[in-house]
Amino acid sequence: TVLLSMFPAMMFGQLKSGYEIGITLDGLPDSTVFLAYHLGDKQYIKDTLKLDRAGHGIFRGDEPLPQGLYMIVFPGRKYFEVLISTDQLFSVRCLYSDYSNTLKFAGSDENSAFVNYQKNWMSMQQKAGDIAKRVQNNRQNSDSVKILVAEQKVMEAKMISYLKAVIRDNNGNLLSVLVKAILPPEIPEFIIPVVVSNPDSLRWVLNYNYNKDHYFDNIDLTDERLLRTPILYARLNTFFTNVVIQAPDSIYKEIDKIVKKCAGNYKVYQFVAVYLFNHFRESEIMGHDAVLVKLADDIYLSDKADWVSKEFKDDLRKQIGLIRPTLIGKKAQNLVMDSYSGIFVSLYDIHKDFTILYFWEPNCGHCKEATPKLKAYYEKARANGIEIFAVCTQSDKQKWSQYIEENKLVWINGWDPQRSSHFDLNYNVQSTPMIYILDKNKVIIAKKLSVDDIGPFIDNYRKIIR
């Protein structure tokens, strides 16, 4: 009877849901600590705990925590990381003054393995860093550099071998998933035929394509545990910032591949879609607004983003409607308006190799810096197939004409205070100064450049189209 009476309690203990994480920070009595988690490149507090006089307390909740990489944060901006996996009933203890070297888990073999991994990996990284410093310090000595580079390759091979061992020894658990996710693709040595006239260029292309095509091989883009780690965000950010060529056509293809891979998990799909939208919305690289338009068309405005409100979609539809006509490669809208010379002028009547469309105001602080620079460039370049069509965006004609006269602006000075030409809508003019560069066919080839960048851009463009 006594033996049978134990079974309900045992079963209850085994099947207990929620989380219960005991914390003991020796040397930190009566303090507040936090349980925090990663999401993208940010961290958020999940739970708060007041430690007792012995530095002990228990984080607990009735519902299991979403799995991922969490942090125990305590005074002094100190923290250590914890794996929250299937088993969420465990305890951890350390000395507050030396927490990194005294950290011990009970009831979580996975976290114990995680601690060992962190210590070993940090040691290996330090050794690799020391070798890299020695390479830098001896870069004038070719013999030393040769020896050190060989040593560097051996160290890199050891590090990769260690990561693979951790993955193998922890197969199936979260630690294995996280370590595998940071494992870089191993690019093979490509054999270039001797008949190739530019072997270095071909080798670069082959390396680039292999790295790009295999960059996410070690990441399961349907595993939502990666959302609560910094890894998925970091990999996405590196890929779309440093790996892929920053041309819209190249980016389009990679977005399609990534979205397809994560379509099997709604939460990962949402995270990736939001990341891509924010990344390209905030990008200052010319032409990336075309990527934003694609994301809006393919996901946000095609009923594939049910996490956004109707108001958001309505506003986005308006913004995309303003951006779309101004994309690089689009034919610029014609502008017909009055001018300083007293005659109506048309953008399409300009027959030059390049037309600089300049939206400005006399009293705009940035315009006061840009306009004199643009004038100086125009005076040097106007005889070389370049014209400027300047449009004043404010309605004080006296200030406009006075500025033109005082600064001797002899380019085409358009005047449309009523905005009858819809220049503000057709060119999405929301601030000044704003610059577009058009080719001889009035196709937009650049926009939102600084004045300093106009000359180099046109010079390079001439070389490309020759």
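One is the number of the first residue; the rest follow in order along the sequence.
Within a 6.0 Å radius of NZ in Lys78, other residues, nucleotides and ligands contribute more than 12 heavy atoms. Within a 6.0 Å radius of NZ in Lys46, other residues, nucleotides and ligands contribute 12 heavy atoms or fewer. For Ile465, the CD1 atom is densely surrounded, since the number of other residues' heavy atoms within 6.0 Å is greater than 12. Around the NZ atom of Lys133, the shell of radius 6.0 Å holds no more than 12 heavy atoms that belong to other residues, nucleotides or ligands. The environment of CD in Glu282 is crowded: more than 12 heavy-atom neighbours from other residues, nucleotides or ligands sit within 6.0 Å.
Taking the ring centroids of Phe74 and Tyr96, they lie under the 6.0 Å cut-off. Ring to ring, Phe34 and Tyr79 are not that close: their centroids are 6.0 angstrom or more apart. Phe59 and Tyr19 have their aromatic ring centers separated by at least 6.0 angstrom.
Between the side chains of Glu224 and Tyr266, no donor-acceptor pair of N or O atoms lies under 3.5 Å. Of the N and O atoms on the side chains of Thr229 and His38, not one donor lies less than 3.5 Å from an acceptor on the other residue. Of the N and O atoms on the side chains of Asn101 and Asp98, at least one donor lies less than 3.5 Å from an acceptor on the other residue. For the residue pair Glu361 and Thr393, a side-chain donor N or O sits within less than 3.5 Å of a side-chain acceptor on the partner.
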Intermediate values then yes/no, ring-ring contact (aromatic ring centres under 6.0 Å, His included), Phe216 and Phe239: CA-CA 9 Å; Phe216 290 97; Phe239 184 74; 5.0 Å; yes

Going through the distances and angles, do Tyr233 and Tyr275 end up as a ring-ring contact (aromatic ring centres under 6.0 Å, His included)? CA-CA 8 Å; Tyr233 175 89; Tyr275 164 79; 5.5 Å; yes

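Under 4.0 Å is where a charged nitrogen must lie from a carboxylate oxygen, and between Lys294 and Asp297 no such pair does. Comment: Lys50 does not engage Asp30 in a salt bridge, judged by the lack of any side-chain N to carboxylate O separation of less than 4.0 angstrom. Under the 4.0 Å criterion applied to side-chain N and carboxylate O atoms, Asp289 and Arg281 are not assigned as salt-bridge partners. Salt bridge annotation for Lys153-Glu156: absent, with no cationic side-chain nitrogen under 4.0 angstrom from a carboxylate oxygen. Ionic pairing of Asp220 and Lys180 is not present here: no N-O contact between side-chain nitrogen and carboxylate oxygen is shorter than 4.0 angstrom.
Shortest non-hydrogen contact noted between Glu110 and Leu175 is OE2-N, 3.0 Å. Taking all atoms of both residues into account, the shortest heavy-atom contact from Cys367 to Cys364 is SG-SG, 2.7 Å. When all heavy atoms are compared, the tightest approach of Ser283 to His288 is OG-ND1, 2.7 Å.
The aromatic rings of Phe80 and Tyr99 sit tilted, their planes meeting at an angle between 30° and 60°. Tyr162 and Trp121 have parallel rings, their planes meeting at less than 30° on a 0 to 90° scale where 60° marks the start of perpendicular. Relative ring orientation between Tyr300 and Phe312 is described as tilted, the plane-to-plane angle lying within the 30° to 60° band.
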